[in-house]
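Not measured: the values here are computed from a predicted model. Proteins get letters first, then strands, A, B, ... in listed order; numbering begins at 1 in each.
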Protein chains: 2
Amino acid sequence: MTKARVTVIDIAKAAGVSKSTVSLVLQGSSLVNEATRAKVNAVMRELGYVYNRGAANLRQAGAKSRIVGVVVNDLTNSFFAELAVGVDMVVQSAGFVQFLSNTGESIDRQREVVASMREHGISGLIVSPARATDAADFKPLVAAGIPVVVVVRNLPGAKVSSIVSDNRAGMMSAVKHLVGLGHKRIAFLGGFPDTAVFDDRLAGYRSGVETAGLDYHEELVIASAPSRAGGVEAIGKAIALTRRPTAAVCFNDAVAFGVCDGLRARRLEPGADFAVVGFDDVIEAQAAVPALTTVSVDPQGIGRRGAQMLLKQINAGKAEAETVTTAVRLVVRESCGAGKTAPARIGKSVKSKQDAE
Amino acid sequence: MTKARVTVIDIAKAAGVSKSTVSLVLQGSSLVNEATRAKVNAVMRELGYVYNRGAANLRQAGAKSRIVGVVVNDLTNSFFAELAVGVDMVVQSAGFVQFLSNTGESIDRQREVVASMREHGISGLIVSPARATDAADFKPLVAAGIPVVVVVRNLPGAKVSSIVSDNRAGMMSAVKHLVGLGHKRIAFLGGFPDTAVFDDRLAGYRSGVETAGLDYHEELVIASAPSRAGGVEAIGKAIALTRRPTAAVCFNDAVAFGVCDGLRARRLEPGADFAVVGFDDVIEAQAAVPALTTVSVDPQGIGRRGAQMLLKQINAGKAEAETVTTAVRLVVRESCGAGKTAPARIGKSVKSKQDAE
DNA sequence: TTAAATATTTGGAACGTTCCAATTCTGTCA
DNA sequence: TGACAGAATTGGAACGTTCCAAATATTTAA
């Protein structure tokens with residue numbers, strides 16, 4: 001096959017009009033006669049024309065590329081995968097496409113992918129920054145007039161829009177719930193202490209404890225990697241305390257699962273013998289045994305919301321940074337020992353994900 | 001500040017050379033004098049130049065866009081998220097970027113995103129097709145000389161490269177393992193019967209059963225949605241059989257988890273009272289209680305491998321379709337009732353070529 | 001010192017689109 | 001019929017790069 005690309009000029013020739021007219025048709029302009037439009041469209045279909053956005057983009061100086069960059073720090077974590085899906089939904093239905101990259105918490109990689117995205121002319125960027133990201137890293141972007149929305153982790157000092165969940169309020173309500181169940185010694189387990197999210201959640205824990213009239217004890221705050229393994233480690237330390245806690249709020253669900261593992265390894269049943277509350281409400285939380293009581297943050301919603309925010313700024317031409325914190329909701333299930341004593345809801349499916357291959 | 005975009009011409013002017021020279025520097029050509037190169041680079045940094053790949057791409061007629069499209073059917077499923085991460089790794093380190101989109105099993109959406117990617121000039125596509133994808137859907141792409149690699153689900157009839165895991169061998173070894181533990185009635189649970197993957201796995205089950213000298217009974221094959229809920233449903237039917245099985249191989253891990261739930265609801269302990277084997281080895285498999293014996297397929301590895309294949313084809317200019325099935329490995333944990341045994345490696349990587357077109 | 005060889009540099013002419021200003025059609029109204 | 005307003009259409013000239021052929025600078029060999 002002679003594979004020369006079909007261009008707008010070929011179409012024009014074949015349809016007996018000028019390239020300008022074809023271009024007008026492409027843009028859905030109302031200036032062109034209905035008959036001509038139909039004809040042109042027919043020819044396009046016939047010749048198998050595919051629009052060259054690169055060329056168009058070149059002419060339309062700047063912000064019209066219809067590409068948004070999405071950068072996440074860990075796609076392997078279903079929280080962020082959900083987030084990406086949320087972004088994709090709105091971005092896609094707005095006729096944009098998403099450039100998605102995973103940094104795996106590497107700021108070098110992050111720098112690379114952002115640079116690359118820029119070269120490709122993204123018209124906006126949504127980023128869940130890698131740990132220890134320098135706020136100045138996004139300076140050039142905003143200087144170039146490219147809207148940036150930071151999600152999940154905020155970047156103090158950066159002049160960009162951001163959308164984070166209400167970590168403080170979430171932790172407070174978790175603590176309050178446990179206090180309501182009669183717990184007096186509640187631990188805070190997991191998470192890296194050098195992150196803004198950790199600070200927020202810890203602050204929520206602290207004020208939850210204090211507004212309940214309990215004392216805040218440093219020994220009850222046990223940091224660890226925000227992972228399942230970290231949870232196992234943290235609960236180990238917690239149980240070794242001379243005055244051991246009877247409940248824990250965890251930095252996130254992964255930690256909470258690890259805590260459950262660690263409890264069981266010591267013949268303690270999560271929920272019955274020790275109350276556990278997570279944070280995030282990842283998909284597995286409701287299907288786990290026992291089902292995890294956790295603070296639901298709806299990552300997909302954040303993704304959608306962030307995308308909307310970004311699109312708004314893109315369309316507005318110029319972006320003013322706005323910050324929104326999204327509400328958060330405690331979902332009471334079994335791992336805190338409250339409510340349902342019914343062991344498992346079998347048969348009726350818990351919003352099962354179709355894992356299909 | 002945010003004036004006009006800095007172009008290669010600005011650089012040229014500022015550095016006192018011609019735009020051609022700057023272009024040469026950009027491409028790392030060895031033709032340019034070391035001193036000049038340094039100077040040009042300095043000026044670029046100083047003026048904050050950003051390369052315009054769109055423009056470059058326009059000139060370099062066709063395949064040099066350095067974008068690969070990645071389309072998955074369900075990013076929410078960690079199996080596919082892992083896959084995407086694998087792709088991203090190799091794609092990124094080869095200096096490409098990935099366009100990632102999620103179809104959520106919708107073939108319309110799939111068509112849209114593929115079209116969009118094409119307009120953006122991807123130089124290759126990796127796709128895990130939505131269910132019921134028509135093999136002809138990718139015809140135009142390959143006709144245009146854009147390499148396509150299909151992963152996870154194969155697309156019989158499409159003249160594209162593909163890489164799938166060795167479903168047959170995996171199931172066979174699962175069955176063999178159960179037989180070795182003394183089981184005589186082994187069920188096959190879960191999965192939609194109208195998919196190629198189901199066929200392969202069922203075939204593996206059947207030949208596993210038969211090579212063990214047992215009879216193949218249709219009643220022991222119980223299809224269901226490939227989800228946790230589906231697993232609950234399937235095990236329910238299995239247990240209702242007059243001659244009830246003592247073990248089951250499951251279509252995938254989600255089904256296996258459901259089966260465990262269902263067993264427990266009937267006061268049967270998975271592992272002890274009934275052996276369960278999954279397929280996929282999702283992340284949760286090893287942390288579950290009991291830890292799931294399953295066939296490990298390493299989605300990230302598939303992603304990496306698929307990306308390598310694609311890049312090879314992109315670089316080769318013209319692509320001949322090749323099909324590889326990746327080896328798969330039974331991971332023995334607790335849910336089958338066996339002790340810890342050294343994992344057996346099964347299946348071998350097979351490679352076969354056929355001419356594209 | 002000069003010719004030949006080698007190392008560098010350089011103006012256009014593309015690439016496929018959009019935009020602008022200008023042109024050609026229609027029909028309508030005196 | 002002529003003039004005039006809209007409605008449709010149309011040729012360039014961009015956009016920011018790369019490529020080519022050709023020009024210029026620098027060495028080397030004789």
Side-chain angles (χ1 to χ4, degrees), chain A residues 3-41 43-44 47-67 116 118-123 144, chain B residues 3-41 43-44 47-67 116 118-123 144:
Chain A
K3 286 285 86 183
R5 202 194 226 293
V6 181
T7 92
V8 96
I9 299 198
D10 301 320
I11 303 297
K13 227 169 286 179
V17 296
S18 80
K19 62 184 172 20
S20 303
T21 303
V22 177
S23 172
L24 255 13
V25 171
L26 246 18
Q27 302 172 258
S29 162
S30 61
L31 267 56
V32 30
N33 182 296
E34 215 32 72
T36 335
R37 177 195 311 283
K39 169 102 192 202
V40 169
N41 279 324
V43 174
M44 289 205 285
L47 299 194
Y49 170 75
V50 345
Y51 186 64
N52 184 335
R53 246 169 236 279
N57 197 42
L58 179 56
R59 190 58 177 81
Q60 301 173 301
K64 297 270 77 196
S65 79
R66 316 232 96 194
I67 301 178
S116 174
R118 207 173 157 205
E119 294 185 350
H120 280 285
I122 51 171
S123 31
Chain B
K3 267 304 193 275
R5 191 191 180 99
V6 182
T7 91
V8 97
I9 299 197
D10 301 321
I11 304 297
K13 229 169 284 179
V17 297
S18 78
K19 63 185 173 16
S20 302
T21 303
V22 177
S23 172
L24 255 14
V25 171
L26 246 19
Q27 301 171 262
S29 162
S30 61
L31 266 56
V32 30
N33 183 297
E34 213 34 70
T36 334
R37 177 195 311 282
K39 169 102 191 202
V40 170
N41 279 324
V43 174
M44 289 205 285
L47 299 195
Y49 170 74
V50 345
Y51 186 64
N52 184 334
R53 245 169 237 279
N57 197 42
L58 179 56
R59 190 57 178 79
Q60 302 173 299
K64 298 269 74 197
S65 78
R66 316 231 97 195
I67 302 177
S116 175
R118 216 180 147 197
E119 294 184 351
H120 280 285
I122 52 171
S123 30

| Whole angstrom value for the distance that separates P of C:dC15 from OH of A:Y51 | 18 Å
| message | Without decimals, in angstroms, what is the distance between B:L58 CG and D:dA14 C1'? | response | 13 Å
| Looking across every strand, which nucleic acid part, if any, lies under 4.0 Å from A:T7 by heavy atom: base, sugar-phosphate, or nothing? | sugar-phosphate
| field | Distance test, side-chain N/O of B:Q27 to OP1/OP2 of D:dC19, below 4.0 Å | value | yes
| query | Between B:N52 (CG) and D:dT18 (C1'), how many Å, whole number? | reply | 12 Å
| message | Can you measure A:I9 atom CD1 to C:dT18 atom P for me and round it to whole angstrom units? | response | 12 Å
| message | What is the distance, to the nearest angstrom, from the NE2 atom on A:H120 to the P atom on D:dT17? | response | 14 Å
| task | Provide, to the nearest angstrom, the distance between the CD1 atom belonging to A:I11 and the P atom belonging to D:dT10. | result | 15 Å
| field | Donor-acceptor pair (no angle test) under 3.5 Å: B:R59 side chain, D:dT17 base | value | no
| remark: Whole-Å distance, A:E119 CD to D:dG16 P, equals 15 Å
| field | Distance, rounded to the nearest Å, where A:Q60 contributes CD and C:dG16 contributes C1' | value | 12 Å
| Is there a side-chain contact between A:L26 and A:Y49 (heavy atoms, below 4.5 Å)? | yes
| task | At under 4.0 Å between heavy atoms, which parts of nucleotides 4-11 of chain C does protein reach? Answer with one letter per nucleotide, 5' to 3': B base, S sugar-phosphate only, - none. | result | ----SBBB
